[in-house]
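Order of listing sets the numbers, starting from 1, for every ligand and every atom in it. Hydrogens, waters and symmetry mates play no part in the numbers below; they use all other heavy atoms, side chains included.
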Amino acid sequence: MQLLDGKIVSQSVKDRLKVLTEERIQEGKKVPHLAAILIGNNGASETYVGSKVKSCAEIGFKSTLIRLDEHISENDLLFKINELNDDFDVDGILVQLPLPKHIEERKVIETILASKDVDGFHPESVGRMVQGLPAFYPATPYGILLLLEHYEIDTIGKHAVVIGRSNIVGRPISIMLSKNEYPGNCTVTVCHSHTPNLKEICLQADIIIAALGKPEFLKADMVKEGAVVVDVGITRVADPSKKSGFTIKGDVDFDAVAPKCSYITPVPGGVGPMTIAALMMNTFKACAAKD
Ligand code: GUN
């Protein structure tokens, strides 16, 4: 069993971007600039956005963090997004999800200019991705592809089983893995809450992407010997023994599943850091598209 180490691969992606950004500066070109909007005080969202801003600084990107009150009206938020759309210096815009209940996620996503949609959530980005056109890939599935690529995981003709069909991970990764290019050319099965024979399907999988958000859902008796397992779960579970009061659990029962795998991602330190690396790649591309 070998770990798919997201920390190492994410660092190598960021190191590469740092060099490319320094080159841009020497050539007198624009410095990539990410604007992140954080609404309210959700602890997990604070952590994720904090990591994104920190990564920008490490690479040499500009970043702007806009903190908004959880009671901000939808109109005021859309107005703020439009200001960022109109600001030439801003290359990428992300609004951290989830949003407060009174704000419609769809409206927010559709207000971000497709050319600045570094999260890859806009219907235009999704449509372009599905049709195989150049597009911003959503950061988590894009990060998974970068990880598979780094470890030269053989995907061609393999059976990939995706558990979960969210717009952020499950659905896009299922499309990406079926594409006629590396890392792809998989035969893909998408499983979800209405799949009756999930265990039997998982047992046929060469590659499993667990992205349903249920801690330790994937058990050892659901995994074929030698499978590649990618764990997208990052649920905070109460743990009084920890200073923070919680521990992070993936969707995979790691200790029991890992010995059966050829490769497996740890949680934390697997997909999480790759999501950020992929976001940085998208921000760089958004900027370079303006050259
Ligand atoms: N919340 C959970 N994942 C993501 C993500 O990739 N982007 C944004 N904007 N919010 C998220």
>> Less than 6.0 angstrom from the centroid, inside 45 degrees of the normal: does K18 satisfy that with respect to the ring of F61?
In response: no

>> Quick check for you: to the nearest 0.5 Å, what is the distance between I59 atom CD1 and E22 atom CD?
In response: 11.0 Å

> Quick one: nearest non-hydrogen protein atom to atom 3 (N) of ligand 1, plus distance?
Replying inline: I168 CD1, 4.3 Å

> Does V95 approach ligand 1 within less than 4.0 angstrom via side chain, backbone, both or neither, non-hydrogen atoms only?
Replying inline: backbone

>> At less than 4.0 angstrom from any non-hydrogen atom of F121, what atoms of ligand 1 do you find?
In response: 5 (C), 6 (O), 7 (N), 8 (C)

>> Looking at non-hydrogen atoms alone, which of L94, D119, T140, L97 comes nearest to atom 9 (N) of ligand 1?
In response: D119

>> Give me the residue, atom name and distance of the protein heavy atom closest to atom 4 (C) of ligand 1.
In response: Q96 NE2, 4.1 Å

>> On a heavy-atom basis, which atom in G213 and which in D251 lie closest, and how many Å separate them?
In response: N-OD2, 2.8 Å

>> Any salt bridge linking K107 with E74? Criterion: basic side-chain nitrogen under 4.0 Å from a carboxylate oxygen.
In response: yes

> Between D91 and K62, is there a side-chain N and carboxylate O pair less than 4.0 Å apart?
Replying inline: no

